[in-house]
Participant: 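Before I ask anything, here is the structure I am working with.
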Amino acid sequence: MPIRLHESLSRTQRELQPAQPDGVFRFYNCGPTVYAPAHIGNFRTFVVNDVIRRLLELEFGPDKVKHVRNLTDVDDRTIGQTQKEKRPLAEITKKWTGLFHADCAALNCLRPHHEPTATGYIKEQVSMIEVLMEKGNAYRAADGSVYFKVSSFEDYGALSRIKERELKVTNMVADSDHKDAVSDFALWKAWKPEEDGDVKWPGPRGAGAGRPGWHIECSAMSKALLGDTIDLHTGGVDLLFPHHENEIAQSQCCNGTQFAHHWYHSEHLLVDGTTMSKSKGNYYTLGDLLAKGYSAMVVRYALLMMGHPRKQLNFTLDSLHTAESSLTRLRTFRSALAAKAGAVQAQPSGRFKAVLDALRDDLNTPWAQGELFGDINLWKPEGQTAQHAAEDLAAFDQILFALGLDVTATTEPPKPAAPAAITALADQRWAAKQAKDWAGADALRKELTAAGWSMLDSKDSYRLEPLKK
RNA sequence: GGCGCGGUAGCCAAGUGGUAAGGCCGAGCUCUGCAAAAGCUCUAUCGGCGGUUCGAUUCCGCCCCGCGCCUCCA
C-alpha cells in the first residue's frame, strides 16, 4: 500500500512517489528559527515530519530518501536577539541550535540528511535574487532592498487562495516601506546599522549590503541540495501563507519549473484550548515538561498519537498522563513479547500491518493507535511458539520504528528519592507487615498516601514513588 | 471582511449510507493480607432542526456553539 498524504495545493490526497529517475525521494521540511528554545508546538510539526521520513524509508529504502530541514539563523528575530543580548549573531544561533538538536534527539527524531543554515547559503540566495531581478520578477527599492514583484507571477495565491485585497486592511498600512505594492515581499533587506549591528553581507548586483529575506532562504537551500523540483515540501500551516506561497513564486520564476510536487502542512498545537503564548502562561518547551517529570517519549506520544496531524491538537498536561499510561502498556507488551520470543530472530509477521496502513493513509495516527491496541488486545501468549512471538516482535518493532517510539530505552526520568521521614514510615510499615500486623501496616500506608507517596511492595523489598500530580 | 477547521461516551479520539475503533479515567470481578502490577468484564446513538433515502452519526440545506489563521509564527 503506497503512502497517501493530503496535498495542500490540490486539497486532495495524493500518493508519494519519487519523480526523478534515480528513485530518490526529495523531501524538504521548513525548520526552526534558532533565537530561543523551540516550543512543543514546533515539535509537533517536527515529530510529524519525522514520521513522514520514517514511512518514506520503509517505503523506498533508507538510502532512497533525502531529507533536508533548514535552520533559520538570520532574520528579524535572531537579529533582534543579538541587539537584546549584545552578543554576536553566531553565538546566539549556535546556542539555540544546540538545544534544538538535543530536544530533537530526546524526542527520537532522525537527523535530516542535510541541515543547511541560511547564513551558510548567502551566495546561493544572492544569485537567485539576481536571476529574479534579471527576469523582471524583482526590483530594487530606494533603500537598497530588493522586493519580489508579486504581480509578475500569475499563479500567486494558488496555494493559500488568498487575494491581496482580501488581506486585512490594518496589516496593509503597517508595512509600506519602499515597496511598489503592499503584497510585494522582501528578497533582500538593506542593512540598517542601528537595527542590524554588524549583520550584513554584500548584496545582489545593483542592491546594497544587507541580508536575505526569510522566504528566499528555503528556495535557495532547497535548490542547492535537492534541485529545482522536489517531491515533498512540508511545514506547519502557518507557513502556508505567506512563506510557502512566496517560495513557490521565487523558485518557479527563477527556475522556470515546478517547485514541489507535493505540499503538506500539519496543523497547530493549542494548549488548554487556545493558542500558546507566554502571556497566557500556557507556553511549554520540552524542557518545561521534562522538569515536570514527564519523559520526552511521553511528550512525543502525546504530540503524535492523540490527534490527527491535520487537525488542531489541544495539548494539556492531562493528555501527558494519558500518553504515559498508553506508552507503559506498549512497553509492557513488548517485554511480554520479547520474553516469549527469547533469542529467536525472525522476519515480521503480518500482525500490526493495519497500523502501518493507517499511517500510510494520510498519517492517520489516531486510527493507527486504535489498530495497534486492537492487535495487542487480540494477542494471547498461550499457544505462541517462540518463533511466532519473534515474528510478532519484529512486526511490533517495525511499528515502533515508524512511530519513532522507543520503549526499550530507559527514558523514564529517575524517580526522586524519598525524604528521610517518608523512608522511616515505610520501614515501619514494612516491619509491621513482616510481623503480620495488617492493621498497623494499613494505617502506615494511609499516612504515606497522605504525604504523597506510594509504597509498592514486592516479595522481599519495596520501593517508594511519589503519587502522580 | 477573507480563508479554514471542529462539535462523537467523564476526558482524548478514529470511522462508516445499514444501527459506532482505540486510548485514558472510572466501576465490578479474578489474583494478591492491603496497595501496586497483571487478567477478565462493563460504560455513547454521534450539537439542533429540516431534507434526500427502505435506512444517516455518515449526503444536502439552515441554525447554534467553539477554535485557528490572514506578511516574516511549526
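The basis for the numbers below is simple: all heavy atoms, side chains too, and nothing from hydrogens, waters or symmetry mates. Numbers restart at 1 for each chain; the letters A, B, ... are given by sequence-line order, proteins then strands. Only a predicted model underlies this, so the values are computations on that prediction, with no experimental measurement involved.
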Participant: Return the value, rounded to whole Å, for the distance between atom CG of A:D318 and atom C1' of B:A13.
Facilitator: 14 Å
Participant: Can you find a side chain N or O atom of A:K433 that sits less than 4.0 Å from OP1 or OP2 on B:A36?
Facilitator: no
Participant: Rounding to an integer number of angstrom, what distance separates B:C72 and B:C67 when you compare their C1' atoms?
Facilitator: 24 Å
Participant: To the nearest Å, give me how far apart CD (A:E324) and P (B:C25) are.
Facilitator: 10 Å
Participant: Quick one: A:H6 NE2 to B:G4 C1', roughly how many Å, whole number?
Facilitator: 11 Å
Participant: Determine whether the aromatic ring centres of residues A:Y264 and A:H233 are separated by less than 6.0 angstrom.
Facilitator: no
Participant: In whole Å, I'd like the distance from the NZ atom of A:K311 to the C1' atom of B:A13.
Facilitator: 7 Å
Participant: Measure the acute angle between the ring planes of A:F153 and A:Y156, then classify it against the limits of 30° and 60° as parallel, tilted or perpendicular.
Facilitator: perpendicular
Participant: Tell me if the side-chain of A:R161 makes a donor-acceptor pair with the base of B:C3, cut-off 3.5 Å, by modelled atom types.
Facilitator: no
Participant: Give the minimum heavy-atom separation between A:E247 and A:S219, together with the two atoms involved.
Facilitator: O-OG, 3.3 Å
Participant: Using the P atom on both, measure B:G47 against B:U8 and round to a whole Å.
Facilitator: 7 Å
Participant: For A:S160 and for A:K189, find the nucleotide of RNA chain B with the closest heavy atom, then tell me which residue's nucleotide is more 5'.
Facilitator: A:S160
Participant: Could you check which of B:C72, B:A74, B:C69 has an atom nearest any side-chain atom of A:T275?
Facilitator: B:C69
Participant: Do we see a donor-acceptor contact under 3.5 Å between the side chains of A:T72 and A:N70?
Facilitator: yes
Participant: In whole Å, measure the gap between the C1' atoms of B:G17 and B:C31 for me.
Facilitator: 46 Å
Participant: Using atom P in both nucleotides, what's the gap between B:C62 and B:G2 to the nearest angstrom?
Facilitator: 15 Å
Participant: Are A:H244 and A:H215 close enough that a side-chain donor and a side-chain acceptor fall under 3.5 Å?
Facilitator: no
Participant: Using Watson-Crick pairs (N1 to N3, plus N6-O4 or O6-N4) and G-U wobble pairs, both distances under 3.5 Å, which stems of at least 3 pairs involve RNA chain B?
Facilitator: B:1-7 with B:64-70, B:10-12 with B:22-24, B:26-30 with B:38-42, B:47-51 with B:59-63
Participant: Return the minimal non-hydrogen interatomic distance between A:L464 and A:A418, and the atom names on each side.
Facilitator: CD1-CB, 3.7 Å
Participant: Can you check the distance between B:C46 and B:C11, where both ends of the measurement are the P atom (answer in whole Å)?
Facilitator: 15 Å
Participant: Of the listed nucleotides (B:C70, B:G33, B:G4), which one gets closest to any side-chain atom of A:R11?
Facilitator: B:G4
Participant: Of the nucleotides B:A74, B:C70, B:C67, which has the atom closest to the A:W214 side chain?
Facilitator: B:A74
Participant: What nucleotide among B:G4, B:A74, B:A35 has an atom nearest to a side-chain atom of A:R445?
Facilitator: B:A35
Participant: What does the B/S/- profile of nucleotides 17-23 of chain B look like, 5' to 3', with a 4.0 Å heavy-atom cutoff to protein?
Facilitator: ----BBS
Participant: Please determine whether side chain to side chain donor-acceptor pair (under 3.5 Å) holds for the pair A:H268 and A:D238, giving the CA-CA distance in whole Å, both sets of side-chain angles, and the decisive distance to 0.1 Å.
Facilitator: CA-CA 8 Å; A:H268 271 188; A:D238 54 306; 2.8 Å; yes
Participant: Partners of A:Q312 by side-chain hydrogen bond (donor to acceptor under 3.5 Å, both in side chains), sequence neighbours excluded?
Facilitator: none
Participant: Please determine whether a side-chain nitrogen or oxygen atom of A:R77 lies at a distance below 4.0 Å from atom OP1 or OP2 of B:C72.
Facilitator: no
Participant: For B:C34, does the base pair up with any side-chain atom of A:D457 as donor and acceptor (N or O, under 3.5 Å, distance only)?
Facilitator: yes
Participant: What is the separation between atom CD on A:Q312 and atom P on B:C5, rounded to the nearest whole Å?
Facilitator: 11 Å
Participant: Expressed as a whole number of angstroms, how long is the span from A:E267:CD to B:C3:P?
Facilitator: 17 Å
Participant: Measure from NZ on A:K436 to P on B:G33 and round the result to the nearest Å.
Facilitator: 9 Å
Participant: Which label fits A:F43 and A:F100: parallel for a plane angle under 30°, tilted from 30 to 60°, or perpendicular past 60°?
Facilitator: parallel
Participant: Does A:R429 make a side-chain donor-acceptor contact with the base of B:G33, cut-off 3.5 Å?
Facilitator: yes
Participant: Exactly one of A:W214, A:W188, A:F185 should register a ring-ring contact (aromatic ring centres under 6.0 Å, His included) with A:F148. Which one does?
Facilitator: A:F185
Participant: I need the minimum non-hydrogen distance between A:C30 and A:L239, along with the two atoms involved.
Facilitator: CB-CD1, 3.5 Å
Participant: Does NZ or CZ of A:R334 come closer than 6.0 Å to the centre of the six-membered ring of A:F396, within 45° of the ring's axis?
Facilitator: no
Participant: Taking atom C1' in both B:A9 and B:C5, what distance in whole Å separates the two?
Facilitator: 23 Å
Participant: Rounded to whole angstrom units, what separation is found between the CG atom of A:N314 and the P atom of B:C67?
Facilitator: 11 Å
Participant: Quote, to the nearest angstrom, the C1' distance that separates B:C29 from B:G23.
Facilitator: 22 Å
Participant: A:H243 near the nucleic acid: base, sugar-phosphate alone, or nothing, with a heavy-atom cut-off under 4.0 Å?
Facilitator: nothing
Participant: Can A:H308 be called stacked on B:A13 when the rule is centres closer than 5.5 Å and an angle between planes below 30°?
Facilitator: no
Participant: Would you say a side-chain N or O of A:T274 is under 4.0 Å from OP1 or OP2 of B:G68?
Facilitator: yes
Participant: How far does the P atom of B:G51 sit from the matching atom of B:U19, given to the nearest Å?
Facilitator: 24 Å
Participant: Do A:N364 and B:G15 share a donor-acceptor pair, side chain to base, under 3.5 Å?
Facilitator: no
